[in-house]
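Here the structure comes first, spelled out in structure tokens, and everything after it is commentary.
All values reported here derive from a predicted model rather than from experimental measurement.
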Amino acid sequence: MYIKSNTIDKFSESLVRRDEELNTIDDVVNNENTTMLVATRISTIIVIISWYIYGKYAYFCLRGLIKYKNYNFLFPLAATLFAFVNNTNDIANYIYHQSDCYPFWVIFVGSATLNWAPISWLQAYRLALISKIYLSSLLYFIITSMAIILSSIYCTYYFLNLSLFDHAKSDTLGCGVTNPGTWTPYIMVSDIADSVFSLASICIIVFKSINHLKELNTRNEKLNDLVGQGIIELFIIALAKIILYPLIHYTSKVPGLDVFWDILSMIVIICAYKLVNFPYEHLDNSKKGFSNLRKSIFNFIDTNIGHSSGNYSSNASINNAKYIKTPDLEENRSNYARETYINPPCSSYNRISNNYSRN
């Protein structure tokens, strides 16, 4: 049989082209496997770190609840315990790939019920309480109502999204969960709206508290009280959500970058613990650095507002305000002492609260 030479050449070229295509497919598969492996390792490292953080702060919250009888510790305690169980479930799945993923799904859904919602309500509660102390009755009513409405909207979308999770199995990652993502954008938007509202409320509280005060002593006293009420923690929680939620959205399809959820959760839980632990920070020298950081931030605010207002020297800092006494200052002290964060029926804690209001 006669075969033209150009036919042989075309056949040879087709074989070479096919081999190149097969090699390309192999390279793509290898790259995808490598990416998945790196993503799995990154995710595992972050999960283990967050697991440790959750366990640590769960212990701190439980200790604070038992020692001080302050039931506001229940908010971060519930969040840390449920997040700790959730990550324990993930770690156990990494170590041992179960044949049946239903138990993994049950634990995941159960532990996800209260690892975010309590912090949202704690944030609304503290914002309302601070507003009651420092703002007029009208502003207090507006801020409290909006905080409750926004937290309710967020929790509604959160639990609607939680109901859509289902279990799945992967040869690489073992058991996992799937979600069509129907309510995920609504969760992010509602939580960002809540955070923006919190930031705006914080700015209003700071401005209204010190704007009309001309005396340095009284002004610094107000700033000290704001620092003590945990307003910096509220600011950090709101800012973290505003920054990280867009990152979570844009990286949701990238393997391994779902770790931003754990990063945000760690920031929120740490700040939530400090938000309820602030009356007792002066008893623990290890918290002194963070307290000084908060005072430095408000010292910066006070200095800038002081330059714009004039009529007094801004050389004095917030840190030395407690050594200056005036009749107005003492009157403010007594007024704020009546609006305490919590008054449990414990004489030792009442002494702590009184000492704290005098410092």
Minimum side-chain heavy-atom gap [X]-[Y] below 4.5 Å:
| X | Y | answer |
| --- | --- | --- |
| Asp166 | Val177 | no |
| Asn87 | Ile48 | no |
| Phe60 | Asn277 | no |
| Tyr102 | Cys175 | no |
| Leu122 | Val276 | yes |
| Lys69 | Leu65 | no |
| Ser131 | Ile205 | yes |

Which residues satisfy the side chain to side chain donor-acceptor pair (under 3.5 Å) test with Ser190, sequence neighbours excluded?
none

Side chain to side chain donor-acceptor pair (under 3.5 Å) partners of Asn179, counting only residues at least two apart
Asn161

Would a line drawn from the ring center of Trp121 to the ring center of Phe75 be shorter than 6.0 Å?
no

May I ask you to check whether Phe84 and Tyr54 place their ring centres under 6.0 Å from each other?
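No, the ring centres sit 6.0 Å or more apart.
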
Using every non-hydrogen atom in the two residues, find where [X] and [Y] come nearest and quote the distance to one decimal.
| X | Y | answer |
| --- | --- | --- |
| Leu62 | Leu77 | N-CD1, 3.9 Å |
| Leu81 | Ala58 | CD2-CB, 3.9 Å |
| Leu164 | Pro180 | O-CD, 3.8 Å |
| Ala238 | Leu199 | CB-CG, 3.7 Å |
| Ser198 | Gln123 | OG-NE2, 3.0 Å |
| Leu150 | Ala193 | CD1-O, 4.1 Å |

For atom CZ of Phe159, is the number of surrounding heavy atoms from other residues, nucleotides or ligands below 6.0 Å larger than 12?
yes

Flag yes if more than 12 heavy atoms outside Phe235 fall under 6.0 Å of its CZ atom; otherwise flag no.
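Check fails, neighbour count at 12 or below.
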
Residue pairs, two or more places apart or on separate chains, that pass salt bridge (Lys or Arg N to Asp or Glu O under 4.0 Å) and touch residues 184-193:
Asp191-Lys241

Which pairs pass salt bridge (Lys or Arg N to Asp or Glu O under 4.0 Å) with one or both residues in residues 135-148, sequence neighbours excluded?
none

Is there a side chain to side chain contact (heavy atoms under 4.5 Å, CB included) between Thr178 and Phe165? Walk through the geometry before answering.
CA-CA 6 Å; Thr178 59; Phe165 277 102; over 6 Å; no

Measuring from [X]:[atom1] to [Y]:[atom2], what's the distance to the nearest 0.5 Å?
| X | Y | atom1 | atom2 | answer |
| --- | --- | --- | --- | --- |
| Ile237 | Ile119 | CD1 | CD1 | 7.0 Å |
| Leu234 | Leu275 | CG | CG | 5.0 Å |
| Lys169 | Cys101 | NZ | SG | 5.0 Å |
| Tyr96 | Asn93 | OH | CG | 10.5 Å |
| Ile187 | Thr156 | CD1 | OG1 | 10.5 Å |
| Ile49 | Tyr52 | CD1 | OH | 11.0 Å |

Geometric class of the Trp261/Trp116 ring pair [parallel <30°, tilted 30-60°, perpendicular >60°]
perpendicular

Do the rings of Tyr280 and Phe73 sit parallel, tilted or perpendicular, given the 30° and 60° boundaries?
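Parallel, since the angle between the ring planes stays under 30°.
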
Among all residues two or more places apart in sequence or in another chain, which pass the side-chain contact (heavy atoms from CB on, under 4.5 Å) test with [X]?
| X | result |
| --- | --- |
| Val196 | Ile192, Ile242 |
| Ser120 | Ser151, Tyr154, Asp194 |
| Leu244 | Leu247, Phe260, Ile263, Leu264, Ile267 |
| Pro103 | Gln98, Asp100 |

Restricting to pairs with a member in residues 46-87, which pass disulfide (SG to SG under 2.5 Å), not counting sequence neighbours?
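Disulfide (SG to SG under 2.5 Å) check on residues 46-87 returns no pairs.
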
Quick one: hydrophobic cluster around Tyr250, which other residues, with the 4.5 Å side-chain cut-off, linked directly or via members?
none

Please list, one pair per line, the donor and acceptor atoms closer than 3.5 Å that link side chains of residues 138-145 to other protein atoms, with sequence neighbours excluded.
| from | atom 1 | to | atom 2 | distance (Å) |
| --- | --- | --- | --- | --- |
| Thr144 | OG1 | Tyr140 | O | 2.7 |
| Ser145 | OG | Phe141 | O | 2.8 |

Tabulate below the donor-acceptor pairs under 3.5 Å that side-chain atoms of residues 107-114 make, not counting sequence neighbours, or state none.
| from | atom 1 | to | atom 2 | distance (Å) |
| --- | --- | --- | --- | --- |
| Ser111 | OG | Asn86 | ND2 | 3.0 |
| Ser111 | OG | Ile107 | O | 2.7 |
| Ser111 | OG | Phe108 | O | 3.2 |
| Thr113 | OG1 | Gly110 | O | 2.7 |

